[in-house]
Number of protein chains: 2
Amino acid sequence: MLSLRHTVQTVERRSYLVREGEHPAESRIVLSGFVFRQKLTGAGAREIVSVHLPGEIVDLHNSFLTVADHSIQALTRAEVALVPRAELADVAARHIQVARALLVETLIDGSILKEWLLNAARRNSSARLAHLLCELAMRLRAAGLGELGRYRIPMTQEELADCLGLTQVHVSRLLSGFEKQGLIERAGRDIGISRWQPLVNLADFDPTYLHLFDAEAYPA
Amino acid sequence: MLSLRHTVQTVERRSYLVREGEHPAESRIVLSGFVFRQKLTGAGAREIVSVHLPGEIVDLHNSFLTVADHSIQALTRAEVALVPRAELADVAARHIQVARALLVETLIDGSILKEWLLNAARRNSSARLAHLLCELAMRLRAAGLGELGRYRIPMTQEELADCLGLTQVHVSRLLSGFEKQGLIERAGRDIGISRWQPLVNLADFDPTYLHLFDAEAYPA
DNA sequence: CGTTTAATTGAAAGCAGTCAAACTATGTGG
DNA sequence: CCACATAGTTTGACTGCTTTCAATTAAACG
């Protein structure tokens, strides 16, 4: 076990951790709660480009690039560790396994981005939403946050829509559709995937891209 | 200058370098020509998730992850260097600047993926196409392959469409639209951006996400 | 020069968006 | 603990961007 010099910060839902264009002096690791990265178009449309669970490093970018190319916001109230910019680089330079772990994390991050791009570009709205529900189910379980297919969706329909490039209205219709088809059950934001395999089929979901095995092989 | 054990391979247009699901024994660096990464949906729709110019490392993934989460194909006839799986890891372990360069390249890769995701999810078709034309213009110039805004598009309309999540038919209509509006000139696949600023405005293009400066700071 | 591959054009259909209003939760202060 | 305010969700009617299907033209290639 190795120690990183850091401070802990508690942030409220929707507060910004980093704004696009800034160059913060530290990188962040999620300790509890959920955090997401977003980008805006000039016209003001928002896209959530990734969601981060406890244990994940949200912004290596800030330690190794000069400009933040996206904003980071809290999806729920969250605790994050702030690691000084130089600290991560120093530790990585001294411990090659750390450097390797950072690279692996970043490659997995890229893999998920590719799947999200495929999703947004080439799957219809219901497959897209189903895909996200499946991904959240697997990642939450992998993070030790509940059993597979039974969880509280950590975001509003508007935020779901912004993960998917859809509108909130359409997400609402899709969710009630899934419910009517008996694919899911809902109580507020608590969701239960009633029939996993049919939902996986609808979603065209194959968890390979999550590289869950690779992630375990090199814990940070 | 440091040397990597490698072999050189020449590949024809459209041949596969890596197929999704494989676990090749080497990573690839583009020496000449263009190469792209693609993913397919279960229904067979294709999305090109990135395009790679000479000098770029296409698949660190294969050295550091256990399964290829996407396919790699030649966009044009190309020369690629094959670096054995262990070689990159060894060199990175011995030279921390190499490890850092690999990480920076991967972070930039992720930044471009985020922009493509924003593009596919939140911009309309004309902004999307214009955005790609601007990106190619800047990256080609940065790679020393011609002056800004005057180049040969290295792909067919179908491939353009697959970069954008559109159909070939629609890309055709959009391109002639741009031409009619005097934004671009065309002669076959040779393109000239006649009015850079209006195209940039239409595209909502801001090159920050390419991190061209960061890339220069750490040449591989 | 013939054959294959790529690009253009037109007409029609459909998925998801937009606008608007009603309804339901959630939360806060009196 | 209720009343009110705010935030989030549902539902309906209508619009429109992009796709689909199909046929033609142009370019590239051997």
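Values below: every heavy atom of this structure, side chains too, minus hydrogens, waters and symmetry copies. Residue numbers begin at 1 in each chain, while the letters A, B, ... track the order of the sequences.
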- Using heavy atoms and a sub-4.0 Å distance, could you list which residues of residues 37-52 of chain B are near DNA chain C? By number, please. none

- Quick one: list whatever passes side chain to side chain donor-acceptor pair (under 3.5 Å) with E147(A), sequence neighbours left out. none

- Item | Nucleotides bounding contact with chain A, strand DNA chain C, heavy-atom threshold 4.0 Å | dA16(C) to dC19(C)

- Task: Hey, which sits more toward the 5' end of DNA chain C by its nearest nucleotide, G188(A) or N124(A)?
- Result: N124(A)

- Query: Do any N or O atoms from the side chain of R123(B) and from the backbone of R128(B) form a donor-acceptor pair under 3.5 angstrom?
  - Reply: no

- Would you please name every residue forming a side chain to side chain contact (heavy atoms under 4.5 Å, CB included) with D59(A), sequence neighbours left out? V18(A), S27(A), R28(A), H61(A), N62(A), I72(A)

- Message: Tell me which residues in residues 157-180 of chain A lie within less than 4.0 Å of DNA chain C, going by non-hydrogen atoms.
- Response: G165(A), L166(A), T167(A), V169(A), H170(A), R173(A)

- Using 4.0 Å as the upper bound for N to carboxylate O, is an ion pair formed by D69(B) and K39(B)? no

- Could you check whether R14(B) gets within reach of a base, just the sugar-phosphate, or nothing at all, counting any heavy atom under 4.0 Å? sugar-phosphate

- Query: Under 4.5 Å between any side-chain heavy atoms of L210(B) and I108(B), yes or no?
  - Reply: no

- Task: Would you sort out whether F34(B) and L145(B) count as a side chain to side chain contact (heavy atoms under 4.5 Å, CB included), showing the intermediate values?
- Result: CA-CA 12 Å; F34(B) 300 93; L145(B) 300 172; 4.2 Å; yes

- Message: Counting the atoms with a prime plus P, OP1 and OP2 as sugar-phosphate, which does R189(B) contact under 4.0 Å by heavy atoms, base, sugar-phosphate, or nothing?
- Response: sugar-phosphate

- Does a side-chain N or O from R13(A) land closer than 4.0 Å to OP1 or OP2 of dG8(D), or not? yes

- Query: Is it true that E158(A) and R14(A) have a side-chain N and a carboxylate O under 4.0 angstrom from each other?
  - Reply: no

- Item | Partner residues of V169(B) under the side chain to side chain contact (heavy atoms under 4.5 Å, CB included) criterion, sequence neighbours left out | T167(B), R173(B)

- Pairwise side-chain contact, L160(B) with L166(B), heavy-atom cut-off 4.5 Å (strictly under): no

- Message: Could you tell me if the side chain of D190(A) sits less than 4.5 Å from the side chain of R152(A), heavy atoms only?
- Response: yes

